Asker: 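One structure, as structure tokens, below. Some questions next.
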There are 2 protein chains.
Amino acid sequence: MKIGELAKQVGFTVETIRYYEKEGLLHPALRDPANNYRRYDHSHLERLIFIRRCRTLAMTHEEIQVLLQARVQPNASCETINELIDEHIHHVQARIAELQILETQLIELRGQCRAAHTTRDCGILRELDHPTEELTEPAVVHSHVPGSQCRGGQHK
Amino acid sequence: MKIGELAKQVGFTVETIRYYEKEGLLHPALRDPANNYRRYDHSHLERLIFIRRCRTLAMTHEEIQVLLQARVQPNASCETINELIDEHIHHVQARIAELQILETQLIELRGQCRAAHTTRDCGILRELDHPTEELTEPAVVHSHVPGSQCRGGQHK
DNA sequence: CTTGACCCTAAAGCAGCTTCAGGGTGTTTA
DNA sequence: TAAACACCCTGAAGCTGCTTTAGGGTCAAG
Ligand SMILES: [Zn+2]
Ligand SMILES: [Zn+2]
Ligand SMILES: [Zn+2]
Ligand SMILES: [Zn+2]
């Protein structure tokens with residue numbers, strides 16, 4: 001099948017699939033000699049489904065590579081896999097903890113302004129200007145899983 | 001004061017401060033005509049402290065710009081500020097919710113392998129290969145606050 | 001007068017894509 | 001038969017918020 005159909009089947013865009021090939025996550029497809037189009041078979045599809053599931057679980061390409069390796073070594077011990085998943089769970093839990101601290105701080109900050117008034121008298125700005133507690137220290141350390149930063153608003 | 005001292009006072013690196021100037025978060029500093037070094041005064045310091053607090057709270061530069069604007073318009077209503085903070089709290093809460101779903105899924109996945117054996121028989125790989133439930137759907141939608149993805153391990 | 005600490009700029013790198021620019025292929029339809 | 005349209009290709013740049021690198025000037029102390 002051609003890349004467009006593959007994309008539809010697995011739920012990636014064609015660009016993403018080409019990107020994965022370039023990154024080495026997906027084996028290069030055979031090319032149709034007539035037009036140089038990529039041709040995919042069932043093994044590509046299975047591999048992409050696997051990758052998609054891993055990405056859905058927020059693994060890095062590096063982590064996924066390890067799992068893909070293990071997948072083609074059926075006689076090896078699965079200890080590596082277990083460790084990887086365990087570590088990854090820690091990554092996610094660490095990020096959750098960071099974000100929960102953030103949430104608390106933000107809600108407290110929000111509480112500094114109840115009624116609408118001029119910015120001059122806004123408790124929020126005041127708080128941001130003169131951090132009261134030493135919450136100046138980064139609640140968000142750079143743990144392995146990002147997600148502390150707030151990205152540009154693409155929600156309409 | 002020079003950039004190095006300012007950096008020490010506010011806890012940014014000099015590179016970050018120069019970067020903020022280039023991005024328009026921080027007003028360009030006056031330059032010492034003799035050597036072209038940047039010279040900072042107290043207002044720069046205050047502004048940087050404000051920015052630092054906002055970054056600690058995981059706001060984007062865009063969000064911070066809005067707050068900085070409000071800060072220099074003392075007679076405007078602080079409604080904008082309240083809305084911004086409220087929205088930002090939602091960003092964080094949404095990301096926490098996503099990560100908690102992730103956590104649940106990962107722990108369930110981990111439960112597929114109890115004893116160590118060969119990868120051929122590993123329940124984890126099996127599960128990743130053939131997603132049982134339709135958890136194939138992205139638990140991690142791209143909400144405004146990132147943090148679903150797991151970045152390359154820089155923890156030693 | 002050299003060492004070391006500090007300052008400068010411009011460009012590239014990070015993760016994981018997405019978007020763009022510029023062009024070929026292939027089927028359908030007016 | 002030609003235009004329209006959907007699909008394919010490549011390579012490079014853009015996104016976020018910095019950090020790192022390369023390559024160089026400035027200045028105080030020893
Ligand atoms: Zn991880
Ligand atoms: Zn207010
Ligand atoms: Zn936000
Ligand atoms: Zn196992």
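Because the structure is a prediction, the values reported are computed rather than measured. The chains referred to below are lettered A, B, ... by the order of the sequence lines, with proteins before strands, and numbering in each begins at 1.
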Asker: Output the rounded distance in Å from CG (B/N36) to P (C/dA10).
Answerer: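 Roughly 11 Å, once rounded to whole Å.
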Asker: Under 4.0 angstrom, heavy atoms only, what part of the nucleic acid is A/R31 near: base, sugar-phosphate, or nothing?
Answerer: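 Here A/R31 touches the backbone only, sparing every base.
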Asker: Rounded to the nearest Å, what distance is computed from the CD atom of residue B/E62 to the P atom of nucleotide D/dG17?
Answerer: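 Rounded to the whole Å, the gap is 9 Å.
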Asker: Atom CD1 of A/I17 and atom C1' of D/dC8: how far apart are they, to the nearest Å?
Answerer: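 Interatomic distance, CD1 of A/I17 to C1' of D/dC8: 13 Å.
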Asker: Heavy-atom count around B/I107 CD1 within 6.0 Å, excluding the residue itself: above 12?
Answerer: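 Enclosed: over 12 neighbouring heavy atoms sit under 6.0 Å from CD1 of B/I107.
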Asker: Select one nucleotide: of C/dT9, C/dC17, C/dT18, the one nearest the side-chain heavy atoms of A/T13.
Answerer: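 For A/T13, the side-chain atoms sit closest to C/dT18.
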Asker: Output the single nucleotide from C/dT19, D/dC9, C/dC17 whose closest atom is nearest the side chain of A/E15.
Answerer: C/dT19
Asker: Of all the choices, C/dG16, C/dC7, D/dG17, which nucleotide is nearest to the side chain of A/Y19 once you look at every atom?
Answerer: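 Closest nucleotide to the A/Y19 side chain: C/dG16.
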Asker: Is the shortest side-chain N/O distance from A/T16 to OP1 or OP2 of C/dG16 below 4.0 Å?
Answerer: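 No, A/T16 has no side-chain N/O under 4.0 Å of OP1/OP2 on C/dG16.
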Asker: To the nearest Å, how far apart are A/H91 NE2 and C/dA15 C1'?
Answerer: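 Computing the A/H91:NE2 to C/dA15:C1' distance gives 15 Å.
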Asker: Write down the distance between CD (B/E23) and P (D/dC18), rounded to a whole number of angstrom.
Answerer: 9 Å
Asker: What is the distance, rounded to the nearest whole Å, between atom CD of A/E21 and atom P of C/dG16?
Answerer: 18 Å
Asker: Just wondering, more than 12 heavy atoms not from A/Q9 lying within 6.0 Å of its CD?
Answerer: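 Enclosed.
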Asker: Starting at atom NZ of B/K22, determine the distance to atom P of C/dA12, rounded to an integer number of angstrom.
Answerer: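 From B/K22 NZ to C/dA12 P: 12 Å.
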Asker: Would you list the protein and nucleotides 22-26 of chain C atom pairs, both N or O, that sit under 3.5 Å from each other?
Answerer:
unit_1: C/dG24; atom_1: N2; unit_2: A/Y37; atom_2: OH; d: 3.2
unit_1: C/dT25; atom_1: O4'; unit_2: A/Y37; atom_2: OH; d: 3.3
unit_1: C/dG26; atom_1: OP1; unit_2: A/N35; atom_2: ND2; d: 3.0

Asker: Could you tell me whether the side chain of A/M59 reaches within less than 4.5 Å of the side chain of A/R55, counting heavy atoms only?
Answerer: no
Asker: Looking at A/H27, I'd like to know if its NE2 atom is crowded, meaning that more than 12 non-hydrogen atoms belonging to other residues, nucleotides or ligands lie closer than 6.0 Å.
Answerer: no
Asker: Using a 4.0 Å heavy-atom cut-off, does B/F12 contact any base of the nucleic acid, only the sugar-phosphate backbone, or nothing at all?
Answerer: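 Nothing, no heavy atom under 4.0 Å.
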Asker: Against the six-membered ring of B/F50, is B/R71 placed for a cation-pi contact (under 6.0 Å from the centre, within 45° of the normal)?
Answerer: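 Cation-pi check for B/R71 and B/F50: passes.
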Asker: Look at all strands and tell whether A/R38 reaches a base, only sugar-phosphate, or nothing, counting heavy atoms closer than 4.0 Å.
Answerer: sugar-phosphate
Asker: What's the shortest heavy-atom distance between B/I81 and A/I124, and which atoms?
Answerer: CG2-CG2, 3.7 Å
Asker: Looking only at side-chain atoms of B/R55, point me to the closest of C/dC8, D/dC18, C/dT18.
Answerer: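 Taking heavy atoms from C-beta onward, the closest nucleotide is D/dC18.
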Asker: Would you say A/Y20 reaches C/dC17's phosphate, i.e. side-chain N/O to OP1/OP2 under 4.0 Å?
Answerer: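 For C/dC17, OP1 or OP2 has a side-chain N or O of A/Y20 closer than 4.0 Å.
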Asker: Return the orientation label for the A/Y19 and A/H61 ring planes: parallel under 30°, perpendicular over 60°, tilted otherwise.
Answerer: tilted
Asker: If I take atom CD1 in residue B/I3 and atom P in nucleotide C/dA5, what distance separates them, rounded to the nearest angstrom?
Answerer: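 B/I3 atom CD1 is separated from C/dA5 atom P by 19 Å.
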